[in-house]
Amino acid sequence: NAGVTQTPKFRVLKTGQSMTLLCAQDMNHEYMYWYRQDPGMGLRLIHYSVGEGTTAKGEVPDGYNVSRLKKQNFLLGLESAAPSQTSVYFCASNRQGQETQYFGPGTRLLVL
Amino acid sequence: AQKITQTQPGMFVQEKEAVTLDCTYDTSDQSYGLFWYKQPSSGEMIFLIYQGSYDEQNATEGRYSLNFQKARKSANLVISASQLGDSAMYFCAMREGAKGGGNKLTFGTGTQLKVEL
């Protein structure tokens, strides 16, 4: 089992560019999440999904879109990147009824 | 108001000593869960321990225990016999509401623990 993987590991964008972050899990988990981590702050929830084809907003959803077309994948999109979106992005997943969330290794994004 | 408060930005502990990392929380839900995660310098998030609001016994996982005081709304992490490898950032987190519908977590700002020889 690879667990939760994230692609890419690191990316530099210019303001206004778009990109998609990919999260994949091979544990057949129903729930998936995207968080961002900024210096001096804990992780904050961006969007989440409770199943294939469903998504919902978290605490800081503005500027991001998500899609869950397949159960194992959760995509995070930035349509027009801004410097304020410079952050480390973590994906996580867990099985329905299970408390523990398993995190991916993170994607470091720098927006210039 | 902060839902999760970690008041210790940094802590030092001698190797083999025990250390307590503080966490207080704020919720009006009856059903909730409390978590501790470890983030070493390599950046990954490692689950340590979980406590449900209805659990009567404090959770323990090896050298980690969670000192759960419901009336005080505190969920402190106790690490016994500290090791150099325990040096890391530690985050307290809370899941509000009943299970199901996604386990949305709210995190504290973290405590940086340094274990010294």
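Every chain is numbered from 1 and lettered A, B, ... according to where its sequence line falls, protein lines coming before strand lines. What you see below is based on every heavy atom in this structure, not just the backbone, and it leaves out hydrogens, waters and symmetry mates.
One finds the CE atom of B:Met45 at 6.5 Å from the CZ atom of A:Phe90 (value rounded to the nearest 0.5 Å). One finds the OH atom of B:Tyr50 at 11.5 Å from the CD atom of A:Gln98 (value rounded to the nearest 0.5 Å). Remark: A:Glu99 CD to B:Phe35 CZ distance equals 4.5 Å, nearest 0.5 Å.
In terms of hydrophobic clustering, with Ile, Leu, Val, Met, Phe, Trp and Tyr side chains grouped at heavy-atom distances under 4.5 Å, B:Val19 and B:Ile49 are assigned to a common cluster. Using a 4.5 Å cut-off between side-chain heavy atoms of Ile, Leu, Val, Met, Phe, Trp and Tyr, with links allowed through other members, B:Val115 and B:Tyr90 fall into the same hydrophobic cluster.
The number of heavy-atom neighbours closer than 6.0 Å to CZ of A:Arg95, taken from other residues, nucleotides and ligands shown, is above 12. A 6.0 Å sphere centred on NZ of B:Lys70 holds more than 12 heavy atoms belonging to other residues, nucleotides or ligands. Within 6.0 Å of atom CD in A:Glu79, 12 or fewer heavy atoms from other residues, nucleotides or ligands are found, so the atom counts as exposed in its surroundings. Residue B:Lys16 places its NZ atom among 12 or fewer non-hydrogen atoms of other residues, nucleotides or ligands, all under 6.0 Å distant.
Side-chain atoms of B:Asn103 never come within 3.5 Å of backbone atoms of A:Thr100 as a donor-acceptor pair (strictly under, hydrogens ignored).
Side-chain contact between A:Phe103 and B:Gln39 is absent, with no heavy atoms from C-beta onward closer than 4.5 Å. Here the side chains of A:Tyr35 and B:Leu105 are in contact, with some heavy-atom distance below 4.5 Å.
Considering only heavy-atom pairs separated by less than 4.5 Å from chain B, the leading option among A:Glu30, A:Arg44, A:Gln37, A:Met41 is A:Gln37.
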